[in-house]
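None of these values were measured; they are calculated from a predicted model.
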Amino acid sequence: MARKTSLRDFQAYLAGRLTDAAQGQGGVSWLGIEAGEEAWLVDLSDGGEIVQAPQMAPVPLTRPWFAGIANIRGNLYSVTDFSLFRGGAPIPHNSSTRLLLVGAKHGSNAALLVSRMLGLKNPDDFAAEASLLDDPAWCAQRYVDTEGKIWRKLSVRELLADQEFMNIGV
């Protein structure tokens, strides 16, 4: 029988792993996230904090995928609906919806609104797939897991440098 873990214990464990990765400790791991219909992998060293999606203040005259501004412990974050940014359906706000604070390490208060967290992933469980030519540089790496599911690897640094991502105005 599988060992049960409370959500609080899991979040504390995951926060510890994120901190270790940011400090260069521990083994290589990826964080799995889901944005709409797409599965994504983020290096733990690139990923920031994960928080439940709070109420966001809308910003007029921005692109549809710009979800708004969120106040996280007194710091303002610009929030992108990652599924909508990728051309998918808007992410519904429910109990699984999370914000992945990705920009702090790179000097930016950017957050991605994602459908849900899929947990820590071991890179050894994935095989590289051929990249699609029309993919931007920040999502050019593709992998397949042992069940045949396609995952994309997010390069946070390249995403934050992407002109399309940074240009939120209409």
Report all side-chain donor-acceptor pairs from residues 107-115 shorter than 3.5 Å, counting only partners two or more places apart or in another chain.
unit_1: Asn109; atom_1: ND2; unit_2: Leu76; atom_2: O; d: 3.1
unit_1: Ser115; atom_1: OG; unit_2: Gly36; atom_2: N; d: 2.9

Is any side-chain heavy atom of Leu41 closer than 4.5 Å to a side-chain heavy atom of Leu31? no

Side-chain donor/acceptor pairs under 3.5 Å, residues 132-140, sequence neighbours excluded:
unit_1: Asp135; atom_1: OD1; unit_2: Arg152; atom_2: NH1; d: 3.2
unit_1: Asp135; atom_1: OD2; unit_2: Arg152; atom_2: NH1; d: 2.6

I'd like to check Glu38 versus Arg86 (side-chain heavy atoms, cut-off strictly below 4.5 Å). Are they in contact? yes

Taking ring-ring contact (aromatic ring centres under 6.0 Å, His included) as the definition, give me every residue that meets it alongside Phe126, ordered by chain and number, with sequence neighbours left out. Trp30, Trp151

Is Arg73 salt-bridged to Glu49, going by a charged N under 4.0 Å from an acidic O? yes

Between Arg116 (side chain) and Ser96 (backbone), is there a donor-acceptor pair under 3.5 Å? no

Taking every non-hydrogen atom, the tightest pair across Ile150 and Ala39: O-CB, 3.9 Å

Side chain to side chain contact (heavy atoms under 4.5 Å, CB included) between Ile69 and Val79, intermediate numbers included: CA-CA 6 Å; Ile69 302 291; Val79 180; over 6 Å; no

Would you sort out whether Ile50 and Leu101 count as a side chain to side chain contact (heavy atoms under 4.5 Å, CB included), showing the intermediate values? CA-CA 6 Å; Ile50 302 160; Leu101 310 180; over 6 Å; no

In plain terms, say whether Lys121 and Asp145 are close enough for a salt bridge, that is, a side-chain N and a carboxylate O under 4.0 Å apart. no

Under a 3.5 Å distance rule, please check whether Asn122 uses its side chain to pair with a backbone N or O of Asp125 as donor and acceptor. no

Could you check whether Arg157 pairs with Asp46 (Lys NZ or Arg NE/NH1/NH2 to Asp/Glu carboxylate O, under 4.0 Å)? no

